[in-house]
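Notes follow once the structure below has been shown.
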Amino acid sequence: MNYKYNILFIFSFILMVASCEKDDDTTSIQVPENDRTEQQAIDNDSLIVYLNTHYYNSSLVNSLENPTMEDLIISELLDGETLPTNTSLLINDVQTMITTYLEVEYVYYILKIKQGDGEYSPNFTDAIRVSYNGFLSDGTVFAQSAFQQPIELTSTIQGWNRVFPQFNVSNSFTSNVDGTVSFEGSGMGAMFLPSGLSYFSTYKSGIPTYSNLMYKFELLQAESRDHDLDNIPSHMEISQSNDSDLLIDTDEDLFLNFLDSDDDGDGTATASEIKIDTYSDMTLEGLQTILDAVELMSNQFISPISTLPDGTFTANIITLVDDNGNGIPNYLDVTESDTIE
Ligand SMILES: [Ca+2]
Ligand SMILES: [Ca+2]
Ligand SMILES: [Ca+2]
Ligand SMILES: [Ca+2]
């Protein structure tokens, strides 16, 4: 059995405990955390006021083939001011989204300017590359970033791992002589998040506690993640009842499934309890043709295509074997003993 990833998780857990202890030292100057349901009601009222009193340059930005964050201008409609021509109030164009987090129902809003021309849409556990501009409801910019290193959606605020899966990535990029990279066809828009899907009671530099956060962004690239390298992508290591809940720990050993190389704790690694068939080709198109010809059964999926050092393209077809036919695949079935070697 491979303990490597469990150890990693233990290490981060210790760090977390250590930081909690540090926080405990300062409880005398901390105020109790606001009730999440009450705070959500306050935040949503504020967001609706914001969306009713701010407009954007809809005619221009929606006419562009490749709109960027800089092209999207959001302005406040002042008291008594008439809505300028060629603009729209945000409230008329945003999509209203509902999600549950920590048993509280949250409402957030998306302004979708461009879906994105790439075929791929990220999972909520992916690493993504984005350009973004984060601002508060008074317009104060607290963060902006051009293309940078991948960001793990498992480590970001809850709003991000809900919004970005609703966009597609870019479909091409070019490397410029000055070392920068230009992307074309990126998903582009803005999100308006309640504090409960942002930093909530946590103070961050430039962000007061319980702040609603707004971001303009371009979704450039994304990559599927398998954090524990057990060949089950992280976005599939979820509870059955909630499709974005990673807090499942089948064997109750305190290592969440997406960080546990032996999910059912039967002593056999998950990677040894599933069937892995590898397909390779020298060209991406060739591999795609091979994969397209496979008729997948309901207990099969294709892993993300990767490139080997020799330039070969490769992907696995994973079969979630269920030898005893009880509906629980071997890797999650602690009663399944026939594959242990
Ligand atoms: Ca995994
Ligand atoms: Ca576990
Ligand atoms: Ca196992
Ligand atoms: Ca089974």
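In each ligand, atom 1 is the first atom listed, and ligand 1 is the first ligand listed.
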Practice item. Verify the distance test for L229 against the Ca ion (ligand 1): any N/O/S atom under 3.0 Å, yes or no. Key: no

Practice item. To the nearest 10 degrees, calculate the angle at the Ca ion (ligand 4) involving O of I328 and OD1 of N324. Key: 150°

**Study point:** Under-3.0 Å protein N/O/S neighbours of the Ca ion (ligand 3), ordered by chain then residue number
**Key:** D262 OD1, D264 OD1, D266 OD1, T268 O, E273 OE2

Atom name, [X] (N, O or S, nearest to the Ca ion (ligand 1)):
{"X": "D226", "answer": "OD1"}
{"X": "D228", "answer": "OD1"}
{"X": "E237", "answer": "OE2"}
{"X": "D230", "answer": "OD1"}

Check your understanding: If you count the non-hydrogen atoms of other residues, nucleotides and ligands that lie under 6.0 Å from CD in E70, is the total more than 12?
Key -> yes

Practice item. Name the orientation class of the two ring planes belonging to F173 and F183 (parallel below 30°, tilted from 30 to 60°, perpendicular beyond 60°). Key: tilted

Exercise for review: Over 60° means perpendicular and under 30° means parallel, so classify the ring planes of F192 and Y50, tilted if in between.
Suggested key: tilted

Review point. When the ring centroid of F135 is compared with that of F142, is the distance short of 6.0 Å?
Key: no

Point to revise | Within the 6.0 Å centroid threshold, strictly below: W160 and Y132 | key: yes

Exercise for review: Examine distances only and state if a side-chain atom of S121 and a backbone atom of F167 form a donor-acceptor pair shorter than 3.5 Å.
Suggested key: yes

Exercise for review: Determine which of the N, O or S atoms in D322 is closest to the Ca ion (ligand 4) and give its atom name.
Suggested key: OD1

Taking atom types as modelled and ignoring hydrogens, do the side chains of [X] and [Y] form a donor-acceptor contact shorter than 3.5 angstrom?
{"X": "S195", "Y": "D43", "value": "yes"}
{"X": "S234", "Y": "D226", "value": "no"}
{"X": "S303", "Y": "N231", "value": "no"}
{"X": "D71", "Y": "T68", "value": "yes"}

Practice item. Could you give me the CA-CA distance, side-chain angles and deciding distance for N62 and S58, then say whether side-chain hydrogen bond (donor to acceptor under 3.5 Å, both in side chains) is met? Key: CA-CA 6 Å; N62 286 318; S58 51; 5.0 Å; no

Using a distance threshold of 3.0 Å, state whether an N, O or S atom of [X] lies below it from the Ca ion (ligand 4).
{"X": "G325", "value": "no"}
{"X": "N326", "value": "yes"}
{"X": "D333", "value": "yes"}

